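These values consider heavy atoms only, across backbone and side chains, with no hydrogens, waters or symmetry-generated copies. In the text below, chain A, chain B and the rest are named by the order of the sequence lines, each starting its count at 1. Remember, it's a predicted structure, so these values are computed and weren't measured experimentally.
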Amino acid sequence: MSDTERYLALLNPEQREAVVHENSPLLILAGAGSGKTRVITTKIAYLIDEKHIQPYSILAVTFTKKAAKEMAERAVALEPLAADAQIRTFHSFGSWFLRKFADEAGVDKSFTVYDDDDMATLVSKAVPALSKQEAAKAAHKIALAKDYCLTPESKELAAVESSPDFPDVYAAYEKRLRETGNVDFGDLIMLPVITLNEYENIRAQMHYRFRVIMVDEYQDSNVAQFKLLQALAGVEEKSGTYVCVVGDDDQSIYRFRGAEVQNILTFQKHFPDTKLIRLERNYRSTASILAAADSIVRNNEDRLGKTLKAERGEGSKPVLVFLPTQDDESAFCADLIQKAHTKGCTYHDWAILYRTNAQSLGFETEFLHRKIPYTVVGSLKFYEREEIKDILAFLSLVANPKDEIAFRRIINKPARGLGDKTQDAVVEAARTAGGSLIDACREYAKSKSKKAQSGLNEFAALAEELAADLENVSSDSGIKLSAFIEKTADRSGLLEYHTSQDEVAGTQKAANIQELINSAVLYAESRQGLLDFLDAIELDRAPEEPGDETESDNVTLITLHNTKGLEFPRVIITGLENGIFPRQDKTGSDLEEERRLFYVGITRAKDELYITSCSIRRIYGRTEYMQPSQFLSEAGSGVFKVLGTPPAGYYGSSVSDGRNGDMMAENENPLAAKWCKGTRLYHDDWGYGQIISTESREGEYVITVQFESGSRKQFMPAYQSHSLMIVHD
DNA sequence: CCCGTCGTTATTTTT
DNA sequence: TAACGACGGG
């Protein structure tokens with residue numbers, strides 16, 4: 001048996017068809033857990049082994065570095081030659097392209113990438129009339145415009161932001177950004193598109209180079225990325241480039257950030273003769289979890305439509321739990337996890353999902369209290385922390401002395417007596433001279449009196465010294481970049497500044513800076529090494545966060561958005577309440593996106609799924625009465641096993657079997673109506689049971705419960721209802 | 001220019 | 001509730 005036969009044998013018929021398909025564009029609609037990564041990686045190996053495609057001319061793009069890394073590793077495991085294939089994120093491809101064709105694209109070869117924060121700062125400097133908030137809003141709109149590949153001159157710009165001065169704000173920002181030589185994230189996609197459209201020779205060069213292009217998570221691509229794919233593939237030129245995209249329209253959850261579901265819905269129109277293959281066999285979740293997922297997403301209108309078939313057993317029904325308050329919610333989750341842990345289930349098996357980052361707080365408090373180990377994924381990103389951005393800003397300024405944003409960030413940190421006024425003047429001087437900000441400091445210091453003078457010279461000397469250090473080391477000298485970063489942190493005074501902050505606020509800033517230093521050991525102490533390091537950080541931030549504890553036994557706390565591509569044996573999706581999830585008054589296509597988000601959450605679960613909904617929640621310090629999420633009633637009955645009692649007036653999936661209503665008419669005691677003979681119950685400690693008798697003792701209503709575990713207990717629902725929940729099947 | 005206090009305002013966010 | 005930004009006194 002050849003290697004090829006061996007790995008093809010691992011595939012089901014649809015997967016195999018997708019791998020061996022050739023000669024026309026291919027759209028793979030891959031449902032959650034249907035093995036799409038396996039298909040892509042096998043296809044890469046197959047193209048190299050059987051079709052003798054040069055690995056070098058295969059381009060596979062993903063959205064996250066994590067996905068790119070996993071894909072590369074798995075492809076290489078199948079075929080070592082795949083190490084030479086270009087497997088990268090859209091943005092890292094854009095970065096590669098822009099450095100290669102920097103002159104044509106109009107950027108500095110050694111550009112660094114501005115993030116959303118930097119964009120907002122630059123907008124406020126380019127258009128000083130705007131308040132901080134207006135600048136941030138404008139920056140967001142500019143990013144969105146770039147996602148749609150719109151320049152300040154584009155007629156369609158009004159669709160993004162109709163305000164009449166928006167094109168001017170955008171244009172002013174662009175002018176200022178080009179002056180720095182840097183780019184923003186949007187540029188990494190948009191500028192290559194513009195360059196490719198403008199230069200026929202570059203287009204031809206790319207067509208010659210890349211014979212196969214594959215795109216993962218295609219449902220989350222935006223218009224600019226679509227145009228990039230179109231230009232690279234050369235549909236109009238009939239370049240013969242093979243295009244294969246993989247995605248799932250039901251998992252499109254980044255529309256608010258410019259992702260365009262239409263890209264996948266209309267792919268066949270833009271790429272003639274497209275072959276469509278559906279992967280609908282799900283190898284991840286049990287049948288009853290998939291049934292729940294389908295009962296949600298089938299309420300969406302705008303979808304290509306597909307039904308997942310479970311390859312695993314039926315499994316246990318997902319459990320829907322109605323709880324009084326959010327505190328009960330975190331207690332319920334903690335109980336569930338602790339109980340499973342005593343039975344040998346690891347913490348690592350569990351994930352708690354929520355709509356907004358703020359919701360993690362309640363769980364953190366409860367878990368800390370109960371000593372349940374956990375990790376919060378996402379919320380405060382390492383590279384977005386103040387101290388890290390400070391050090392990176394200093395490094396960026398060394399790399400590019402025209403970097404205005406980096407300059408402003410650190411020139412007066414620690415305080416050197418150089419406030420806004422001085423900064424503006426220096427930046428202005430540098431802009432008119434068209435030169436370096438450091439030179440401008442020296443120049444401006446001459447015309448300035450005493451105090452500012454020494455500060456300016458001190459700062460300039462520091463920047464010059466560090467820059468000179470870097471130039472003096474020949475590249476490949478074997479010295480590590482981490483030594484240089486350590487020196488930068490030390491000499492700039494930033495390390496000392498943040499260490500003293502630690503003492504006041506009890507933070508971990510100094511330790512974080514040390515982590516940053518450590519992360520640079522693999523880079524050379526040279527100008528090129530620094531550029532590589534900054535590039536890697538800008539584009540690959542999320543994955544290898546220092547302190548990543550995926551190895552140890554922790555419960556995962558994570559937003560629904562962040563779970564894309566992940567899976568867990570046991571999942572709890574929390575906060576299923578109108579206003580929280582779906583958020584506020586989402587309607588139409590926004591509501592459909594929320595529904596897809598729920599779908600993504602459900603399909604993360606392999607074996608067990610729990611869903612919680614509270615009656616009372618504190619929002620912004622105010623106590624609000626919540627209604628269960630409309631998604632729950634849409635699911636219809638029979639999908640979930642229901643625990644607890646939904647708030648009055650809720651006619652969702654837990655409609656009573658008629659018994660409760662009948663009893664209410666016969667009995668004046670509301671407790672007796674609810675806690676009647678035959679009612680099925682769930683108790684935090686004793687598990688499932690049924691009421692076998694009821695009585696009144698000394699004026700108190702008492703029930704006797706027979707538990708499935710064998711034990712028989714008595715309870716007074718008036719006082720103990722918090723630990724007892726009624727089961728509605 | 002620095003630091004404290006008060007008032008305002010709250011999504012999701014691969015890169 | 002909490003966190004962050006705007007403003008005013010030192």
* To do: Could you say whether the aromatic ring of A:F256 and the base of B:dT12 stack, counting only centre distances under 5.5 Å and plane angles under 30°?
  => yes
* To do: Ignoring backbone atoms, establish whether A:T89 has a side-chain N or O less than 4.0 Å from OP1 or OP2 of B:dT14.
  => no
* To do: Would you please confirm or rule out a distance under 4.0 Å between OP1 or OP2 of B:dT12 and any side-chain N or O of A:N562?
  => no
* **Polar contact flag, side-chain donor to acceptor under 3.5 angstrom, A:E387-A:N512** => yes
* Asked: Picking from B:dT15, B:dT11, B:dC2, which would you name as closest to the side chain of A:R583?
  -> B:dT11
* Any A:N357 side-chain N or O less than 4.0 Å from OP1/OP2 of B:dT13 -> yes
* Can you find a donor-acceptor pair, distance only, under 3.5 Å between A:R257 side chain and B:dT15 base? -> yes
* Under the 3.5 Å rule, do the base of C:dT1 and the side chain of A:R618 count as making a donor-acceptor pair? -> no
* Qualifying residue for side-chain contact (heavy atoms from CB on, under 4.5 Å) with A:D403, from A:T180, A:L437, A:T112 -> A:T112
* Asked: If you round to the nearest 0.5 Å, how far is CZ of A:F101 from OG1 of A:T195?
  -> 9.0 Å
* **First of A:Q225 and A:Y620 reached from the 5' end of DNA chain B, by closest nucleotide** => A:Y620
* **Reported CG-to-CG distance for the pair A:L177 and A:L122, which is rounded to 0.5 angstrom** => 6.0 Å
* Using the test side-chain contact (heavy atoms from CB on, under 4.5 Å), find all partners of A:V243 that sit at least two apart in sequence or belong to another chain. => A:L229, A:A233, A:V245, A:F267, A:F271
Could you go over nucleotides 3-9 of chain C and give all protein N or O partners under 3.5 Å, atom names and distances?
none

* To do: Working to the nearest 0.5 Å, report the span between CD of A:Q326 and OG1 of A:T612.
  => 11.0 Å
* Aromatic stack A:F63/B:dT15: centroid gap under 5.5 Å, interplanar angle under 30° -> no
* Asked: A:I573 CD1 to B:dT12 P: how many Å, rounded?
  -> 17 Å
